[in-house]
Every structure is written in C-alpha cells, then in structure tokens.
A.B. asks: 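Encoded as structure tokens, here's the structure I'll be asking about.
Each ligand, and each atom within it, is numbered from 1 in the order the structure gives.
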Amino acid sequence: MTAAIAAVSASAAWKALVQHQREIRNLHLRELFADDPARAERMTLEAAGLTLDYSKNRITDATVKLLLALAEQSGLRARIDAMFRADRINVTENRAVLHVALRAPRGASIVIDGENVVPQVHAVLDKMADFSERVRNGGWKGHTGKRIRNVINIGIGGSDLGPVMAYEALKHYSDRRLTFRFVSNVDSTDFAEATRDLDPAETLFIVASKTFTTLETMTNAHAARDWSLGALGGDVKAVARHFVAVSTNAGKVAEFGIDTANMFGFWDWVGGRYSMDSAIGLSTMLAVGPENFRALLAGFHGMDEHFRTAPFERNLPVLLGLLALWYNNFFGAQTVAVLPYAQYLKRFPPHLQQLAMESNGKRVTLDGEPVACDTGQIYWGEPGTNGQHSFYQLIHQGTRLIPCDFIAFAQSLNPLGAHHDMLLANVFAQAEALAFGKTPEQVRAEGTPDWLVTHRVFDGNRPSNMILAERLTPATLGTLVALYEHSVYTQGAIWHIDSFDQWGVELGKALAQRIIPELESGSEPELAHDSSTNALIRSARRLKRAPG
Ligand code: F6P
C-alpha cells in the first residue's frame, strides 16, 4: 500500500506549465533562434558518448526551468534513488526493478533482501560467455557431431524484441559464419520460414521466456522439438545438444525436457522489456561474442551512472522524458516518432514500442486511482531516409503535432562513396525543415504561381531532438537503449504510475484460451460470447473446412 498520491496535474509546477504553454505556444522556432544566437550551444548536451541537441523544441529557458521544477516536485529524485536502492517500486507485483544491476561492473554491490546480486549476475554472464565461446569455436557439437551453424531464438515480447533489435543493430560485429533467426509469432509461418532451409543437425534453439509459460513461445518450442527430434532419429538425448533455455522458471524448463545445466537464469526483478542485457541476450552474445557483449553492458552502465548522478538540467534521460511529456501533456500530442538514420537500427522502434508503451500505457496511479492526465505516448518510427518517402509528408504538412527524435552517427560502419554524407545531410535537413519550414514569401520568391503557394508552404515550428554519436558500437547501443529506458521511467515517475507491470496484456490471453478449444472442437461447440465473437468463430470453423 502506498500513501494517497496527489494528482500531478494539481501541482503548482503543472499549473505553471499550463499557463506558460499558453504564453509561448505561438512562438516560432524561427524567432527563438533568430533572437538567441547561443541557443543551440546552450541546449546541446553530451554524456556517455551521446550528444543531445534539444534546441529545436518549442521551449524557452523558462520552459526548461518549469519542467525541471515539475520533475523535482513530482519526487523524481526519490524515485530514481528508490530504483537503484532496489526498493520494490513495481508495487502491483511487489518487485524490485533492477535492470541496472544487469550491467553493474564486477565488484559493485546492489543488495536485495540482504543479498548482493551483482556476483549472481556475473556468474550467469560467465556461464553465457563460456557457452558462447564453445558454440562460436565449434567445440559445442550437435547430436550427430556436426558443429552448430544456426541459432534460432524462440521468444516473444521482451524475450524477442530486444534480442532481435540487438542482433540487427550489431550485425556488423557478428560472426557471419553463424545464421541467426528469431521466431516469435504463434503463426506457424514464422517457424516454418525460419527453419525451412536449415539442417536440424546444425541448429541450436534458445527458448527464451521469463515465465516459460507463454503460449506462443511454448507452442513454438514444442514445434522446434518435434522438428529437431524428427530429423535426428527421435532420440530425446538430442534435446540436450540442440536446446538451451533462458528463464527464471527452472521447474518449467525441466518439465519441457531441457537439462537445467543448459539453462541460463535471471531474476524476477528483471522486467521482460528490460531484459535484453540479461541472459535473454544470449543470442546477442552468440552473435557478437562475449567481449562485445560486455562492451554493450558497459554502454548501458555509463548511461545508468549518468542518470543516477547528473543534475537534472544536464541529465539526458530526464530531459528527453520531460520534453516528450511537454508535448504529450501540454500540447496534446499523442505520438513520438523515433527516426534512426541507421539501417542497422531498423528494429529499434519496435523495441522502443514495447519499452515505452507496455511501461507507461497505464490509466491508474500507483495507488489505483484514475490518472488525471494522459500517460504513455504512442512511439513509432522507421529508419531514415526510407521514412522520408513515406510518412514524413504528414509530419511536415499535416495537422498533427508529431515530436521527432532523430538518431544519427557521424561515421558509417560500411563507408561507400558519398552515401554517409548524404545520409547525414538528410537527417540534419529534416530537422531544419521541420523547425524552420518555408514561408509564403519564400515560396513566392521561387516563382510559384499564387494558386500553388499555400500547398508549398511549410509552417515549420515542428519540434525535434537530435541524438548524435560517433559510430554505432556495442557500447553506443547500450547507451542509447538505457537513455530511452530511463526517459520512460522519468515520465512514469512524474505521472505516478507503475511503469513495470503489464496487466493490460492478460485479458486477451485468457479469452484466447477459451476460444482455442472452440475452434479445435470436432463437434459444433456451445458458444456463449457476444454475437460478433460467436459469429466470427462459426465463420472461421466453416472456412477452415473449405477446400484450399
Ligand atoms: O505478454 C506480455 C509479456 O508478458 C511481456 O511483458 C513479456 O516480455 C512477454 O510477454 C514474454 O514473456 P515471457 O518472457 O515470460 O515469455
């Protein structure tokens, strides 16, 4: 039980922001920049290898002060300390939230219930490293004596999105002799396409599931077992050579038939969407090797320390969180576009979607009272420059306000002619175009006929952040993910919500369990749903029998 929490929107800081927004909402970024040559310099920060330029936001110095006051008055400092102190801040599940312990250096101490968990974390990392080396150097053999050439991670949600994002992001550093695939969907197509051209004798499955009960993962894991054993002579001893598990649930792992010696554990204080740097990242370590994986963790840790210690006015995750909240709560923006100008980050937006939306998609506060303001924005995005030829039209000239986070790297990992300068020119140009637009006078001066002028005007004043780093390395990736993890927590702390539970996923799961036998039944089942669901089930049963 927590003490009753006053609505954040009733705080003096919130009310001051409402008033302030009325005063500055018509200010244009053109004026803000023209009147203040030092704006960009003042509103650019560097930390843990990342540069954040937040000058192209619809803010003044006063806005930043008021947002920082909101953070202070909402108790953000205490909430950050509570997380690092291992308080049970996930109140509805009565759990500590300690993904920061996953990347704490050897020798650090983070104590839960009287026990320092850091040595446990490193024991698992060491076990992962040993296993990864054996697979990578061919020492770990399949059942028939062949070396492992294919790794398939079976998992969903946090047991898939982080690993697949990290694999794609760090492909440059991966061992290209190994093939990696990721199966998540209970749609059998996912499994069929992932396995169709692979030799079971050379294929290792990682069954990744915190609970080891998730319908999709267990269904795919059983399909994988059948696929393996079917091709390897049905000898159950083959499971030990072709299956490893990543889970917190040793009992269920053993029940499935995986030797718990081949299990890599983690803990209930690691949330699924915060687990990519736990053993859930085994596929990442297999791909890039233990040393790169440790560099990834060091990147995370660098941002953790920055978040924990930097004053809020120089704290990147705090500022990023406050700016997203500024548009969400004071301008009525509903979404944030995350636009990495890096093809390797193509799966970064989906990872961020679970991170942000499963964390902050909440309608009650920590004490169960309805929230008094909007929470959880919709995060979405695609890599640039592809998105420019798709949805950017709406961001530039549509009627909605869509704050954008651009992510760019100064150096390419695959230099090729002028490609990278073109890529960078595009990301900078987009931020410039969004902020400053193009006036009717400028359009007319180009000789545009009068009737076409309004169509070609760009209002500008569309906000964005620019996150710039030298190069996409394992460490940079860790820093970037931790930046967003902590900005999500910053917002959740200000909204006084539990950013670490996910009760909203339960109802659909339970209803599906009821419908499965109704679809499978040989005889016409008694249906007691609403008329729409009943009719859909009957139609699907009829259509299932139609000749293909
Ligand atoms: O359904 C949501 C969820 O619980 C996520 O929070 C989690 O990441 C995912 O399912 C997978 O869960 P598990 O790792 O237990 O299979």
Side-chain angles (χ1 to χ4, degrees), residues 89-99 102 124 128 152-167 182-187 190-191 205-225 243-256 258 260 263-284 347-362 376 379 481 484-485 488-489 492 497-513 515-516:
I89 59 170
N90 178 355
V91 292
T92 71
E93 295 180 311
N94 192 28
R95 287 178 183 164
V97 175
L98 266 193
H99 39 280
L102 298 172
V124 174
M128 288 165 65
I152 301 186
N153 187 80
I154 298 179
I156 198 164
S159 302
D160 168 71
L161 290 165
V164 72
M165 181 277 289
Y167 170 68
F182 297 82
V183 173
S184 54
N185 202 329
V186 76
D187 180 346
D190 207 8
F191 182 81
F205 288 94
I206 303 171
V207 185
S209 174
K210 180 175 171 181
T211 55
F212 230 74
T213 57
T214 304
L215 171 88
E216 293 90 335
T217 302
M218 296 329 294
T219 307
N220 279 319
H222 279 105
R225 214 180 114 106
F243 285 80
V244 297
V246 179
S247 187
T248 57
N249 192 341
K252 289 279 176 198
V253 169
E255 213 175 277
F256 178 84
I258 296 178
T260 48
M263 169 180 155
F264 301 85
F266 60 115
W267 307 270
D268 74 354
W269 40 262
V270 182
R273 53 198 176 271
Y274 298 89
S275 66
M276 61 172 275
D277 44 5
S278 70
I280 289 290
L282 182 62
S283 57
T284 315
R347 295 301 302 261
F348 192 69
H351 174 64
L352 206 52
Q353 282 179 330
Q354 188 198 12
L355 181 64
M357 291 158 76
E358 204 171 67
S359 294
N360 284 344
K362 307 291 161 65
Y379 277 78
V481 176
Y484 277 96
E485 287 179 351
V488 164
Y489 182 48
I497 58 176
D498 188 334
S499 297
F500 301 106
D501 61 11
Q502 56 283 318
W503 299 106
V505 301
E506 297 301 326
L507 179 59
K509 284 188 197 172
L511 294 181
Q513 287 297 348
I515 296 173
I516 292 167

A.B. asks: Got a sec, which residues hit ring-ring contact (aromatic ring centres under 6.0 Å, His included) with Phe500, two or more places apart in sequence or on another chain?
C.D. replies: Tyr274, Tyr489
A.B. asks: Any cation-pi pair here, Arg225 with Phe256, using under 6.0 Å and within 45°?
C.D. replies: yes
A.B. asks: Could you label the plane-to-plane angle of the His351 and Phe348 rings as parallel, tilted or perpendicular, counting under 30° as parallel and over 60° as perpendicular?
C.D. replies: tilted
A.B. asks: Tell me yes or no: between the side chains of Asp501 and Thr92, is some donor less than 3.5 Å from an acceptor?
C.D. replies: yes
A.B. asks: Going by ring-ring contact (aromatic ring centres under 6.0 Å, His included), name the residues that satisfy it together with Tyr167, two or more places apart in sequence or in a different chain.
C.D. replies: Phe180, Phe182
A.B. asks: Applying salt bridge (Lys or Arg N to Asp or Glu O under 4.0 Å) as the test, list every pair that has at least one member in residues 244-253; sequence neighbours left out.
C.D. replies: Lys252-Glu255
A.B. asks: Kindly tell me which protein residues have any non-hydrogen atom under 4.0 angstrom away from an atom of ligand 1, grouped by chain and ordered by number?
C.D. replies: Ile156, Gly157, Gly158, Ser159, Ser209, Lys210, Thr211, Thr214, Gly272, Gln354, Glu358, Gln502, Val505, Lys509
